[in-house]
Every structure is written in structure tokens, then in C-alpha cells.
Amino acid sequence: MATSSPMSIQTETFKLGFIGAGKMAESIAKGVVKSGILPATRIRTAHKGSNRRDAFSSFGVQLYDTNQQVVEDSDVIIFSVKPQIIGEVVLQLKPLLTEDKLLVSVAAGIPLKYLQNWAGHGRLIRVVPNTPAAVGHAATVISMGESASEKDADLISSLFGAIGKIWRADEKYLDAVTGLSGSGPAYIYLAIDALADGGVAAGLPRDLALGLASQTVLGAASMAINSGKHPGQLKDDVASPGGTTIAGIHELEKGGFRGILMNAVTAAGHRSQMLSNR
């Protein structure tokens, strides 16, 4: 590992490069531009497919032909590629990945120790966002590499704060984070679908049932975030004695609803841990 102190990134002028031009990279780039943190002219990526190139060029991102060109013209580089290929990609680019460049990985389940070894230095930050980044409501956790500085962390928090909320945590928690917020949107989509099916079973038209289910989940999440109350208290506020809500809650409890969700999070977290240890 390099031992020299990394140079500070100039926040007023730095260029942001994406290695990998998929949907997550697009969501991050769009959020950064929309929030005004960075103009599109200071963002660059490369892709051979016309659809992905068009997606980025449509809001002003600089397109290159190769990843090497992206790295050479960037100060902060976000690796947004599949976990199965990130090692190969980083090793190919290693000669260009000098420690004056801040490296960021959003590849699920790939530990910092591997990333640092492939890159040849520890100026790395591992980031676990989730798919609601596409609508500006990501839950993102960041973990610091060996030689990443507090200024580096602030910069990355600012970038990812453009697509949602940020938490910092030790890397040892990231498998559990993946099981909760990384996989969690899929659990909620299942819940929305099931609630809508329940509405249809009770006689509602499908479009009305789906709209009510989706808005109900959105509103409940907003209450949990903004009310300052524990979710148990919010539940109690809805459940009147002998009323409709407590009857529904009784059915959920008989079905083991909370235990099933807890099991889903721990199972996904365990799977992430297994992938991390490959």
C-alpha cells in the first residue's frame, strides 16, 4: 500500500468519473446534477452501447470510448460494475489508479481489503446504496478505506446525499446493511403487491387498490421518519380498541409477520456475508 498522504480533492473543480454506466450510475449522476452539487460537464463515463450512452449524454455527461480515458480525466472515480467483474476491471486500470484519485465502489459484497489490494492503495470508500436512488430516496451507508480522509468522506457524503440519506458505519456492518436496506425495497414491493391484492379481494378495482397501497406505504414511512415517534407508538395510534386495525394486526401476528421480515433481513445479510468471503 502507498504510504504518502493523498492530495486533497478540490471540491470546486473536481471531475467525477463512472466506471460502469448502468442504472445505478445514472441515478447517482442525475441526482448530483439535479441537486446542483456538480454540473454535468464535470461528469464522465464510457460505454459501448448506444442506449446507455444516450441516457448519459441526454443530460450533458461527457462520454468517452474507454474506461482508461475516464480515469485519466477524473479525480473521483465510482466503480459501478457487477461484483463478479470488479476485480478484473480494477486490475486493468491499476496503473492509472494513483493515490491522488479517490476511488469509490458500489459493487455489492466486495470488501475493502480486496478493493485496496487490487487498486494498490487504500484511498477507497465503499458505498452501499439501494435502488430508490432512482427517485432520490436512497438509503446509503459508506465505509472508509485505510487512507481515505475525513474530507474524502465529506465529499462522498455530499455526492450520495444528492440521491437520499447517508449513514457512516464500520465495514463489519455492511452485510447486515445489505440485508436490510439493500434488499429491503424488494420486501416492501412484495408488501405493496400483497396489500393491493387484499384490496382487490375486498372488492376494490385493481388500479385503486394499488394506488392506495403504494401511497399508504409512502405515508407510513414518512410518518416514521418525521414524527419522532417509535414505530410501535405509531402503530398504537392507529389501532383503536376493538377496531378494524387491531383485527388486521392480530391476523398479521398469527401469521408471524414480524418474524418473517426479521428472517428475510438476516437471511439476506448472511448471503451477503457468504459472497464477501468468497
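We're numbering straight along the sequence, starting at 1. For the numbers below, each heavy atom of this structure counts, side chains included, while hydrogens, waters and symmetry mates do not.
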query = At their closest point, which heavy atom of I43 faces which heavy atom of A29, and how far apart are they?
reply = CD1-O, 4.1 Å

key: Minimum-distance pair of heavy atoms, taken over all atoms of V70 and T45   = CG2-C, 3.5 Å

request  = Hey, could you give me the OG1/CG distance between T245 and D236, rounded to the nearest 0.5 Å?
outcome  = 11.0 Å

key: Electrostatic pair R123-D100, nearest N-O below 4.0 angstrom   = no

key: Pairwise side-chain contact, R52 with K23, heavy-atom cut-off 4.5 Å (strictly under)   = yes

task = Might you point out which heavy atoms bring A107 and S105 nearest each other, and give the distance in Å?
result = N-OG, 3.2 Å

message = Is there a side-chain hydrogen bond (donor to acceptor under 3.5 Å, both in side chains) between D73 and Q69? Walk through the geometry before answering.
response = CA-CA 6 Å; D73 194 33; Q69 290 172 305; over 6 Å; no

request  = Please say whether more than 12 non-hydrogen atoms of neighbouring residues, nucleotides or ligands are located less than 6.0 Å from OH in Y173.
outcome  = no

ask   = Under a 4.0 Å N-O cut-off, is there an ion pair linking E88 with K82?
value = no

message = So for atom CZ, which belongs to R53, do other residues, nucleotides or ligands contribute more than 12 heavy atoms lying within a distance under 6.0 Å?
response = yes

ask   = CZ of F18 to CD of E26: how many Å apart, nearest 0.5 Å?
value = 10.5 Å

ask   = Between the side chains of T41 and Q62, does any donor sit under 3.5 Å from an acceptor?
value = no

request  = May I ask you to decide whether D75 forms a salt bridge with K15, counting only side-chain N to carboxylate O separations under 4.0 Å?
outcome  = no

task = Could you grab the distance from atom CG of L195 to atom CG of L210, nearest 0.5 Å is fine?
result = 10.0 Å

key: CZ on R126 to CD on E171, rounded to 0.5 Å   = 5.0 Å

ask   = At what distance, to the nearest 0.5 angstrom, does CD1 of I9 lie from CG of D154?
value = 13.0 Å

ask   = Taking Y114 for the side chain and G87 for the main chain, is one N or O donor matched with an acceptor at less than 3.5 Å?
value = no

ask   = Can you check whether F14 reaches L38 side chain to side chain, under 4.5 Å on heavy atoms?
value = yes

task = Would you name the heavy atoms of S158 and I37 that are closest together and state the gap between them?
result = O-CD1, 2.9 Å

note = Contacts of E253 meeting salt bridge (charged side-chain N to carboxylate O under 4.0 Å, His left out) (sequence neighbours excluded), chain-then-number -> R258

task = Kindly compute the distance separating CG (L91) from CG (N117), expressed to the nearest 0.5 Å.
result = 8.0 Å

ask   = Any side-chain donor paired with an acceptor under 3.5 Å for S149 and D152?
value = yes

key: Considering all heavy atoms, the nearest V217-I188 contact   = CG1-CG2, 3.7 Å

request  = Would you name the heavy atoms of V141 and R168 that are closest together and state the gap between them?
outcome  = CG1-C, 4.5 Å

